[in-house]
Q: 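Take a look at the following structure, please.
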Amino acid sequence: MNILLTAVGSAAAQAVQKALKKAKHKVYGCDIYPKEWLYRSEKFADVFRVPLARDDEFVDHLSKLTKEHDIDMIIPLTDPECDVLAPHKAAFAAEGVIVACLGAELQVLCRNKARLPEKLKQICSTIPCLPTDSDFEDGYPYLLKPISGRSSQHQLIARSKEELKAFRNLRADYIIQPFIEGDIYTVDVVRDTAGNCMALARKELLRTVNGLGTSVKCYKKHELEEICAGIMQKLDIVGCVNIEFIGQGHKYHFLEVNPRFSGGVGFSLLSGYDFINAHVQAHLGKEISLHHKKKNRLIVQGYQKEIKDEKK
């Protein structure tokens, strides 16, 4: 198939491109920046510059690219692109193009950090949202985060009544939750239309300030797999998503569903399961493979420079 990836400068892009190419797909890319600025853009069949994913101009641009290059599937790699493309899945499908993300209603639910935990509280431990108009006398610290935020952006920790009052006025879309300390666990999960599900959990040992793991421990088997399978069934998710938790011993508090590949999906590839091509199979309406070679692994990630001299 001809597959178009969005945001090919994002964290997951290289692992996704490599896995798709290995499966004999022809992989195109797009990004808001010129391809000359992007790492390993030459590995793609071509890379196109597109507008920001915030309005119909982005959708129209992608529609034009699908026609010009016979694209069969679009895989958005970031939350804003999923947000914009989800309502247009049917329109693209009418043109013979699969947009491999959640449907519009489910996308909105998964991005809502107040509604989603409420829906899942019967099947996993969730963190309650507290009244935003209260001045709490005790129980500090509290976490403030945008209701549809991403990558830990704009999150604040209020450690006193004065800080809570000041922080709460910074944004109208803040929700307030008890601040829970613990280990961060992230689970790559994929499910097909028949209900087959595969999950792989990892503990994030080191991560960047925006939540990207750089050193992780991957598990061959973990109790979070069953919890995530229940979440996928409850929400009727098809395709691959990433689910995050805070762990305190053997108790795991649900944080969020990221309705796209995790930035660290390459860790799961190295640990023994190809979530990328399973995602493609699921969105084609086919059953995913349940065969895996999952292993307990400690994996660290580094960075590499690439020279791209300007042509004279």
Q: Could you check whether any side-chain N or O of Lys294 sits under 3.5 Å from a backbone N or O of Ala199, counting only pairs where one atom can act as donor and the other as acceptor?
A: yes
Q: Any side-chain heavy atom of Ile127 sitting closer than 4.5 Å to one from Pro178?
A: yes
Q: Output side-chain donor-acceptor pairs under 3.5 Å for residues 236-255, partner residues at least two apart or in another chain, one line each.
A:
from, atom 1, to, atom 2, distance (Å)
Asp236, OD1, Arg191, NH1, 3.0
Asn242, OD1, Thr186, OG1, 2.9
Asn242, OD1, Asn258, ND2, 3.1
Asn242, ND2, Thr186, OG1, 2.6
Asn242, ND2, Val187, O, 3.3
Asn242, ND2, Asp188, OD1, 3.2
Gln248, OE1, His253, NE2, 3.0
Gln248, NE2, Glu181, O, 2.9
His250, ND1, Glu223, OE2, 2.8
Tyr252, OH, His222, NE2, 3.4
His253, ND1, Ser125, OG, 3.1

Q: Would a hydrophobic clustering, with Ile, Leu, Val, Met, Phe, Trp and Tyr connected at side-chain separations under 4.5 Å, put Leu224 with Leu200?
A: no
Q: Is it the case that the side chain of Lys113 and the backbone of Lys145 share a donor-acceptor pair, with hydrogens and angles ignored and the cut-off at 3.5 Å?
A: no
Q: Can you find a heavy atom in the side chain of Met1 that is under 4.5 Å from one in the side chain of Leu284?
A: yes
Q: Donor-acceptor pairs under 3.5 angstrom involving side-chain atoms of residues 10-20: please list them, not counting sequence neighbours.
A:
from, atom 1, to, atom 2, distance (Å)
Ser10, OG, Ala7, O, 2.5
Gln14, NE2, Tyr39, O, 2.8
Gln17, NE2, Lys43, O, 2.9

Q: For Lys26, give me all partners under salt bridge (charged side-chain N to carboxylate O under 4.0 Å, His left out), at least two apart in sequence or on another chain.
A: none
Q: Less than 4.0 angstrom from a charged side-chain N to a carboxylate O is my criterion; do Glu118 and Arg115 meet it?
A: no
Q: Does anything in residues 77-90 pair up under side chain to side chain donor-acceptor pair (under 3.5 Å), and if so which pairs, sequence neighbours excluded?
A: Thr6-Glu81, Thr78-Glu81, Asp79-Arg260, Asp83-Gln107, Asp83-Arg111
Q: Can you list the other members of the hydrophobic cluster that holds Ile175, where links are side-chain heavy atoms under 4.5 angstrom apart?
A: Ile147
Q: Has Glu226 got more than 12 heavy atoms of other residues, nucleotides or ligands less than 6.0 Å from its CD?
A: no
Q: Not counting sequence neighbours, which residues clear side-chain hydrogen bond (donor to acceptor under 3.5 Å, both in side chains) with Asp173? List them please.
A: Arg171
Q: Do Phe261 and Leu85 share a hydrophobic cluster, counting only Ile, Leu, Val, Met, Phe, Trp and Tyr and linking them when any side-chain heavy atoms are less than 4.5 Å apart?
A: no
Q: Can you find a heavy atom in the side chain of Ile74 that is under 4.5 Å from one in the side chain of Ile98?
A: no
Q: Can you check whether Leu206's main-chain N or O pairs, donor with acceptor, with Thr214's side chain at less than 3.5 Å?
A: yes
Q: Under a 3.5 Å distance rule, please check whether Asp192 uses its side chain to pair with a backbone N or O of Ile288 as donor and acceptor.
A: yes
Q: Between Cys110 and Leu106, is the side chain to side chain contact (heavy atoms under 4.5 Å, CB included) condition met? List the steps.
A: CA-CA 6 Å; Cys110 286; Leu106 189 52; 4.1 Å; yes
Q: Can you establish whether the number of heavy atoms outside Glu306 located under 6.0 Å from its atom CD is more than 12?
A: yes
Q: Regarding Arg202 and Glu204, does a basic nitrogen lie under 4.0 Å from an acidic carboxylate oxygen?
A: yes
Q: What verdict does the side chain to side chain contact (heavy atoms under 4.5 Å, CB included) test give for Tyr219 and Glu225, after you've listed the backbone C-alpha separation in whole Å, the side-chain angles of each residue and the deciding distance to 0.1 Å?
A: CA-CA 10 Å; Tyr219 296 91; Glu225 294 177 15; 5.7 Å; no
Q: What residue pairs, at least two apart or across chains, pass salt bridge (charged side-chain N to carboxylate O under 4.0 Å, His left out) with a residue in residues 29-40?
A: Lys35-Asp46
Q: Is a side-chain N or O of Arg168 found less than 3.5 angstrom from the main chain of Tyr174, in a donor-acceptor match?
A: no
Q: Could you note down all residue pairs passing ring-ring contact (aromatic ring centres under 6.0 Å, His included) where residues 280-299 supplies at least one of them, sequence neighbours left out?
A: His279-His283
Q: Would you say the side chain of Cys218 lies within less than 4.5 Å of the side chain of Asn296, judging by non-hydrogen atoms?
A: no
Q: Name the one of Leu62, Thr66, Asp70 that satisfies side chain to side chain contact (heavy atoms under 4.5 Å, CB included) with Val97?
A: Thr66
Q: Does some side-chain heavy atom of Leu116 sit less than 4.5 Å from a side-chain heavy atom of Glu256?
A: no
Q: Identify the heavy atoms of Gln301 and Gly213 that sit nearest to each other, and give their distance.
A: NE2-O, 3.9 Å
Q: May I have the list of side-chain donor-acceptor pairs in residues 52-61 shorter than 3.5 Å, sequence neighbours left out?
A:
from, atom 1, to, atom 2, distance (Å)
Asp55, OD1, Glu57, N, 3.1
His61, NE2, Arg49, O, 3.4

Q: Tell me, with the steps shown, if Glu95 and Lys67 meet side chain to side chain contact (heavy atoms under 4.5 Å, CB included).
A: CA-CA 9 Å; Glu95 297 177 354; Lys67 295 180 177 68; 3.2 Å; yes
Q: Given side chains that start at C-beta, do those of Val189 and Cys197 come closer than 4.5 Å, heavy atoms only?
A: yes
Q: Are the side chains of Val216 and Leu298 in touch, meaning some heavy atoms are under 4.5 Å apart?
A: no
Q: For Tyr142, what residues pass the ring pair (Phe, Tyr, Trp, His ring centres under 6.0 Å) criterion, not counting sequence neighbours?
A: Phe136, Tyr140
Q: Can you list everything that forms a ring pair (Phe, Tyr, Trp, His ring centres under 6.0 Å) with Phe275? Sequence neighbours excluded, please.
A: Tyr273
Q: Salt bridge (charged side-chain N to carboxylate O under 4.0 Å, His left out) with Lys217: which residues, sequence neighbours excluded?
A: none
Q: Are the side chain of Gln177 and the backbone N or O of Leu143 linked by a donor-acceptor pair below 3.5 Å?
A: no
Q: Does any non-hydrogen side-chain atom of Pro51 lie less than 4.5 Å from one of Ile32?
A: no
Q: Just do the side chain to side chain contact (heavy atoms under 4.5 Å, CB included) check on Leu120 and Lys234 with the steps written out, would you?
A: CA-CA 8 Å; Leu120 298 178; Lys234 174 73 173 179; 3.9 Å; yes
